[in-house]
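Single-structure report; data block below.
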Amino acid sequence: SWDDHDSYHITALAEAAELQNPTGTPTDGQGLVIRIKDNGTARALTYDTEYRAIGVTLPSTTVISKTMYLGGFWNEADSKLDIVAVAEEQ
């Protein structure tokens with residue numbers, strides 16, 4: 001939940017995943033980082049309703065055995081987690 005964590009780590013992802021809306025009570029502008037790595041097989045990624053891409057494209061799959069980061073901020077006015085950064089291991 002937002003109340004307990006400001007980063008989430010998904011490791012050895014073994015199936016397609018939908019990133020669920022974070023729970024808890026975020027404050028306006030509160031940051032969140034999500035780190036994702038699959039188990040050696042590319043996995044589909046989908047996003048729940050509060051995820052919104054701002055100036056980036058949300059990835060639809062992992063890249064085999066590569067670490068990926070999504071970074072964003074809670075937008076209280078729109079009730080959205082605005083993802084403003086996507087980075088992938090080279």
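Every heavy atom of this structure was used, including side-chain atoms; hydrogens, water molecules and symmetry mates were not. Just so you know, residue 1 is the first one in the sequence shown, and it goes up from there.
Using a 4.5 Å cut-off between side-chain heavy atoms of Ile, Leu, Val, Met, Phe, Trp and Tyr, with links allowed through other members, I10 and V33 fall into different hydrophobic clusters. Using a 4.5 Å cut-off between side-chain heavy atoms of Ile, Leu, Val, Met, Phe, Trp and Tyr, with links allowed through other members, I83 and L13 fall into the same hydrophobic cluster.
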If you apply the rule side-chain contact (heavy atoms from CB on, under 4.5 Å), what do you find for R52 with N75, and how did you get there? CA-CA 10 Å; R52 177 171 67 180; N75 178 329; 3.1 Å; yes
Do Y47 and N21 pass the side-chain contact (heavy atoms from CB on, under 4.5 Å) test, and can you show the C-alpha distance, the side-chain angles, and the key distance before you say yes or no? CA-CA 8 Å; Y47 305 87; N21 293 333; over 6 Å; no
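Closest approach of L19 and Y51 over heavy atoms only: O-CE1, 3.3 Å. Residues T49 and K80 come closest through the heavy atom pair O-NZ, 2.8 Å. Shown here for L58 and A53, the closest heavy-atom pair between the two residues is CG-CB, 3.9 Å. Looking at every heavy atom in both residues, G40 comes nearest to S65 through CA-OG, 3.4 Å. Smallest separation of non-hydrogen atoms from F73 and G31: CD2-CA, 3.8 Å.
To the nearest 0.5 angstrom, M68 atom CE is 10.5 Å from E89 atom CD. Distance check, rounded to the nearest 0.5 Å: NZ of K37 to CZ of R43 gives 14.0 Å. One distance of note links CG of L32 with CG of D82; it measures 12.0 Å at 0.5 Å rounding. Note: K66 NZ to D38 CG = 10.5 Å, rounded to the nearest 0.5 Å. With rounding to the nearest 0.5 Å, the separation of CG in L81 from CD1 in I34 is 6.0 Å. One distance of note links CD of E88 with OH of Y69; it measures 13.0 Å at 0.5 Å rounding.
By the side chain to side chain contact (heavy atoms under 4.5 Å, CB included) test, E15 pairs with no residue at all, sequence neighbours left out.
Side-chain contact check for L45 versus T62: some heavy-atom pair is nearer than 4.5 Å.
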